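Heads up: the structure comes next, in structure tokens.
For clarity, every value in this text was computed on a predicted model and none was experimentally measured.
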Amino acid sequence: MIWNQPKECMSAEDKRRMQGERLRKLVERVYHSVPFYRRKMQEMDVMPRDIRSIDDIVRLPFTTKQDMRDNYPYDLFAVPMSEIVRLHASSGTTGKPTVVGYTRYDLSVWSEMTARCLSAFGADRNDIVSVGYGYGLFTGGLGLHYGVEHLGGTVIPMSSGNTAKHIQLMHDFGATALACTPSYALYLADALRDCGMPRDEFRLKIGIFGAEPWTENMRREIEAKLGIDAYNIYGLSEVMGPGVSYECECKNGSHIGDDHFYPEIVSPDTLEPLPYGEQGELVFTTLTKEGIPLLRYRTKDLCSLDDTPCECGRTAVRMSRIVGRSDDMLIIRGVNLFPSQIESVILEMEEFEPHYLLVVDRVNNLDTLEVQVEVRDGFYSDEINRMMELRKKIAARLQSVLGLAADIRLVEPGTIARSEGKAKRVIDKRTLN
Amino acid sequence: MTTIKQLSVFIENRTGRINEVTRILEESGINMSAFSLAESADFGILRMIVSDVDGARAALKAAHFGVSTTDVLAISCPNRPGAMHRVLEVLARENVFIEYMYAFSEGEVANVIIRPTDVERAAELLRNL
């Protein structure tokens with residue numbers, strides 16, 4: 001079902017007019033209330049009055065994650081804190097995450113967008129949705145949570161972890177839909193098979209999967225193993241959270257809520273806009289956001305856009321699957337991670353050489369992260385226990401910074417390639433084909 | 001009983017790594033008179049008593065091995081029942097903890113390498129044995 005027919009199926013002409021009007025107001029707003037954007041626009045010699053239609057968007061400055069860090073915590077907020085009712089944060093380098101703030105209106109848009117997703121997946125007020133995304137600073141859990149409530153369905157706020165309990169409650173509560181990362185869905189599928197309770201005692205029919213890139217092969221595997229329809233939901237906290245785009249029953253690209261988030265594809269090298277159909281970096285302008293509106297935010301996600309009409313009837317532009325990143329960000333068990341975060345931990349510890357190698361793999365459908373480090377001369381010991389303590393120490397530090405458990409492997413001195421220009425710091429053995 | 005320097009080498013659990021250590025010692029003309037290997041899941045520590053500690057250390061470091069030196073006690077005792085027990089009793093009585101030890105016997109004599117947590121205290125206790 002289409003949740004918001006007038007918006008999701010708007011004619012191209014009406015949509016352009018609406019986007020232009022919203023962009024004009026947005027630029028007016030950020031120019032006057034966010035010094036960062038005023039300064040940037042002045043540098044580029046662009047004034048709010050220069051923005052007359054959506055085509056003028058190309059004259060506006062880009063925003064990056066680094067800009068958000070530089071303006072930590074609140075300098076990009078466009079409203080006083082009295083208007084902000086919620087904060088979320090994504091993990092960042094040591095001690096400095098990126099923070100996003102939502103007004104009451106922003107939260108209502110988020111609920112609306114997530115309800116659009118759920119509706120497109122075939123869910124309605126009769127569905128019972130088990131949300132297995134983490135609740136907390138991460139947008140996944142609460143984003144889905146409010147969407148299900150807005151839809152009128154029943155939400156089971158499972159959060160992540162504790163697979164056995166998750167399976168038991170899905171069984172007992174008659175969950176009809178499951179929201180989690182696709183790799184966790186595969187893990188859960190195996191656990192469900194082995195749990196002793198027959199499949200026909202479960203009512204599961206819909207899978208709501210996102211927070212990490214996945215493939216058609218994974219979809220086929222999940223659908224076969226769990227006996228459900230699996231749909232992609234895309235989002236990022238900087239723009240909103242889950243619900244920025246979503247698949248429909250055609251499962252052929254994800255519809256972007258382009259009445260709220262205007263998408264562009266640019267060349268990651270030249271930042272020149274690329275035409276529809278070409279692959280490049282996805283960029284979003286948050287047309288209606290009040291708390292932390294962003295102009296041309298570079299997601300670093302690589303994909304392509306398609307504005308041809310979809311068989312489902314929606315005119316909302318579709319994005320292809322994410323085929324990669326234009327930076328070195330890794331997504332491990334749904335957690336975003338930059339090699340530089342690991343580097344910052346290692347550089348702070350005198351016991352280790354400032355070199356490392358990350359080996360990412362997928363074992364039994366769960367991502368694994370191995371961090372190889374070399375112990376610095378003078379810290380080698382004749383005792384196994386001492387060496388184990390070193391390993392435990394770095395593992396604990398990494399866990400607290402990354403929010404993710406890593407296997408530490410101590411390797412012999414000189415084993416890890418020294419950086420000469422671009423050292424290979426990551427070996428990702430996971431195959432996304 | 002004497003206090004001597006033991007050389008420890010960090011070795012990843014990969015085939016051929018210990019051979020690499022023995023090759024380097026051979027090329028440097030260094031003799032290994034005793035050794036033991038401690039292992040964990042991912043790595044091992046080869047502890048050895050060599051004829052030239054500084055020479056072995058330099059040669060291994062040049063070949064990118066992680067090495068450390070530690071004071072250990074070398075004890076010779078008669079190769080017969082109860083001799084080892086007497087040594088250990090002295091340490092246990094005084095609450096001196098042993099991290100690890102290794103030994104080899106040859107004819108009438110048994111040679112034991114002991115790595116107590118507190119080397120000086122253990123040396124003091126065993127001096128009069």
Region of L7(B) that comes under 4.5 Å of a non-hydrogen atom in chain A: neither

Atom pairs (donor, acceptor) spanning chain B and chain A, under 3.5 Å:
{"residue": "E12(B)", "atom": "N", "partner": "E412(A)", "partner atom": "OE2", "Å": "2.8"}
{"residue": "E12(B)", "atom": "OE1", "partner": "R409(A)", "partner atom": "NH2", "Å": "3.2"}
{"residue": "E12(B)", "atom": "OE2", "partner": "E412(A)", "partner atom": "N", "Å": "2.7"}
{"residue": "R17(B)", "atom": "NE", "partner": "E412(A)", "partner atom": "OE1", "Å": "2.9"}
{"residue": "R17(B)", "atom": "NE", "partner": "E412(A)", "partner atom": "OE2", "Å": "3.1"}
{"residue": "R17(B)", "atom": "NH2", "partner": "E412(A)", "partner atom": "OE1", "Å": "2.4"}
{"residue": "D42(B)", "atom": "OD2", "partner": "R391(A)", "partner atom": "NH1", "Å": "2.5"}
{"residue": "R47(B)", "atom": "NE", "partner": "D382(A)", "partner atom": "O", "Å": "2.8"}
{"residue": "R47(B)", "atom": "NH2", "partner": "D382(A)", "partner atom": "O", "Å": "2.7"}
{"residue": "K61(B)", "atom": "NZ", "partner": "D377(A)", "partner atom": "OD2", "Å": "2.4"}
{"residue": "Y100(B)", "atom": "OH", "partner": "D382(A)", "partner atom": "OD2", "Å": "2.4"}
{"residue": "R115(B)", "atom": "NE", "partner": "D382(A)", "partner atom": "OD2", "Å": "2.7"}
{"residue": "R115(B)", "atom": "NH2", "partner": "D382(A)", "partner atom": "OD1", "Å": "3.4"}
{"residue": "R115(B)", "atom": "NH2", "partner": "E383(A)", "partner atom": "OE2", "Å": "2.7"}

From F10(B) atom CZ to M387(A) atom CE, the distance as rounded to the nearest 0.5 Å: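 Interatomic distance, F10(B) CZ to M387(A) CE, rounded to 0.5 Å: 5.0 Å.
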
Does CD belonging to E27(B) count more than 12 external heavy atoms closer than 6.0 Å? yes

For V411(A), is it the side chain, the backbone, both, or neither that has a heavy atom closer than 4.5 Å to a heavy atom of chain B?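 For V411(A), the contact with chain B is made by backbone and side chain together.
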
